[in-house]
2 protein chains.
Amino acid sequence: MKKLDILCCECQNNNCFIKKHCLDTDTLTKEIAENKSTNRYFKDQHILMEGSFVDGINFVQSGRVKVFKNGLQEKNQIIRLVAEGGILGHRGLSNRKTYSISAQALSEAIICSFDKLFFLELLKKSPNLTFNLLLFFANELNHVESTLRDLSVFNVREKVAKALLSLIDSFGLSKSNNINYISDLTRQNIAEIVGLNSNQVSKVFAEFKEDKILETKGKNIKILNIKKLEQIISI
Amino acid sequence: MKKLDILCCECQNNNCFIKKHCLDTDTLTKEIAENKSTNRYFKDQHILMEGSFVDGINFVQSGRVKVFKNGLQEKNQIIRLVAEGGILGHRGLSNRKTYSISAQALSEAIICSFDKLFFLELLKKSPNLTFNLLLFFANELNHVESTLRDLSVFNVREKVAKALLSLIDSFGLSKSNNINYISDLTRQNIAEIVGLNSNQVSKVFAEFKEDKILETKGKNIKILNIKKLEQIISI
DNA sequence: GTAAAAATATGATTAATATCATATTTATTT
DNA sequence: AAATAAATATGATATTAATCATATTTTTAC
């Protein structure tokens, strides 16, 4: 079994927030190594639970994660899609006691975690980290606010286009034999990005197949024409 | 005419972010006084324009402001309601060149502004300010994410209840003769908080009157039973 | 204070969305 | 590889939401 607790400087994930902004001095690097705990999560496993007590802040070393809020009767709303290098549980840095979101692995994932108190101390010691975290928050805010407008303005067809583009934006397209595809997501997951249900996604997919925008084979979605998707949601 | 450029220490607005977190030293206090510019805006006047170049960050000294994103054909989405003490244009601190939102005065408002570069320098000098701004962003993020879920899950009746509660949360209730009321907002404004149109708000108001939740007289909305409003949107 | 304009209220109609039922396909288990 | 379970697709239907038209009320301008 692969050793999980590697040092940040040996880690392959160069998108990591810690790696980019927090290894200014040897002292910091050492402290981070000592306080980091790394865990593996299986597909569909919960990483954070809405309502449970905040214990720390987490960074995605590898894998894909969905962050969502519970709605009524199984109708969740996905808030973010997080790929490797991304941050999880940062809202817990605010004064709230409990997580306002759940996070669940969409694939096998390795997550590096720090205790909240340690991380708050780290922020005090590293203005550079704090400032970059501020920028991250500002961008997140821009992003969620755009999504809010989109959900309020888009119809079902536009929402499905938006969901696919969000997926591509967050996770990129897998390439095989020069074909771009989105893989391994249920219709339900896609629906929950934009507040729909799986039937509605299937129906719009049927339209998109007619329009030569995509083809599907099970959970593999071949993207044939990304430009058309973008046109659908261009305001 | 009232002099606008008062010193922060003479300002009556004790909710002000600058006043609370940024007057640690005399040097800072002096710098802030020198770099602050204060302006009056009339009702309905634009304070920030989506798409225009970011010039600074703004604080509401007095008055009420709506922050919104343009949708298609007059259908805007209100993102935040900001009362005195609130921050405007903070998303501009991110790396983006242009504002992602518009802001418009809902009443006469006095706004204190700082140049973006000055404010970024200020953040470097005051870790306390930076950290508190980080907390502010975290709370904003929680707030917008909750709204995102609500818009995706709520029906029209629930959305109107949510809009009224948002207004009360942001601006409080005006009191006169022991009666609580929301004042001075068009149905269109209320609708845009939750992605509806003014007709829909009027119709739900008719229901709410039947249910003794509120009474209206023009733009004055008497809130008779806030508990019932909360019940409507409790998940 | 009156006239004009704007905003609101509301019934009727149209359109869009969500749900249900069921067939089909895909994935999982043994 | 066959059997079972799960997920997806899709037509039909029900529900909800959005629009339109018009009456009424409120606000603004003179």
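Proteins come first, then strands; the chains are lettered A, B, ... in the order of their sequence lines, and each starts at number 1.
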Student: Take atom NZ of A:Lys75 and atom C1' of C:dT19, then tell me their distance rounded to the nearest Å.
Tutor: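 It is 12 Å, rounded to the nearest whole Å.
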Student: Return the value, rounded to whole Å, for the distance between atom CD of B:Glu215 and atom C1' of C:dT8.
Tutor: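 Rounded to the whole Å, the gap is 17 Å.
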Student: If I take atom CG in residue A:Leu196 and atom C1' in nucleotide D:dT8, what distance separates them, rounded to the nearest angstrom?
Tutor: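 So the CG-C1' distance, A:Leu196 to D:dT8, works out to 16 Å.
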Student: Between B:Arg157 (side chain) and B:Val204 (backbone), is there a donor-acceptor pair under 3.5 Å?
Tutor: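 Flag not set: sc B:Arg157 to bb B:Val204 has no pair under 3.5 Å.
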Student: Mark yes or no for whether A:Ser107, through its side chain, and A:Gly63, through its backbone, hold a donor-acceptor pair below 3.5 Å.
Tutor: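 Such a contact is absent between A:Ser107 side chain and A:Gly63 backbone.
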Student: Round to a whole Å and report the spacing from CG of A:Asp184 to C1' of C:dA27.
Tutor: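 Taking atom C1' of C:dA27 as the reference, CG of A:Asp184 is at 12 Å.
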Student: Tell me whether B:Asp184 is salt-bridged to B:Lys43, with the criterion being a basic N under 4.0 Å from an acidic carboxylate O.
Tutor: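 Salt bridge present between B:Asp184 and B:Lys43.
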Student: Rounded to whole Å, how long is the line connecting atom CG of A:Asp44 with atom C1' of C:dT28?
Tutor: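 Going from CG in A:Asp44 over to C1' in C:dT28 covers 14 Å.
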Student: Measure CZ/B:Arg187 against C1'/C:dT10 and give the value in whole Å, please.
Tutor: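 After rounding, the gap between these two atoms is 13 Å.
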Student: Expressed as a whole number of angstroms, how long is the span from B:Leu185:CG to C:dA6:P?
Tutor: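 The distance from CG of B:Leu185 to P of C:dA6 comes to 20 Å, rounded to the nearest Å.
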Student: Which is more 5' along DNA chain C, the nucleotide nearest A:Val156 or the one nearest A:Asn220? Just name the residue.
Tutor: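 The residue mapped nearer the 5' terminus is A:Val156.
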Student: Report yes if at least one side-chain N or O of B:Thr216 is closer than 4.0 Å to OP1 or OP2 of C:dA9; otherwise report no.
Tutor: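 For B:Thr216, the contact criterion (side-chain N or O under 4.0 Å from OP1 or OP2 of C:dA9) is met.
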Student: Figure out the CD/P separation between B:Glu192 and C:dA7, and round it to whole Å.
Tutor: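 Result: 12 Å.
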Student: So B:His90 and A:Leu141, side chain to side chain contact (heavy atoms under 4.5 Å, CB included) or not? Walk me through it.
Tutor: CA-CA 10 Å; B:His90 49 283; A:Leu141 206 50; 3.7 Å; yes
Student: Using heavy atoms and a sub-4.0 Å distance, could you list which residues of residues 197-214 of chain A are near DNA chain C? By number, please.
Tutor: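 Of all residues in residues 197-214 of chain A, the ones placing a heavy atom under 4.0 Å from DNA chain C are A:Asn197, A:Asn199, A:Gln200, A:Lys203.
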Student: Just checking, is any N or O donor in the side chain of B:Ser113 or B:Asn58 under 3.5 Å from an acceptor N or O on the other one?
Tutor: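 Result is yes, a qualifying pair exists.
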Student: Report the C-alpha separation of B:Phe137 and B:Asn139 in whole Å, then their side-chain angles, then the decisive distance to 0.1 Å, and conclude whether the side chain to side chain contact (heavy atoms under 4.5 Å, CB included) test is met.
Tutor: CA-CA 5 Å; B:Phe137 270 107; B:Asn139 280 322; over 6 Å; no
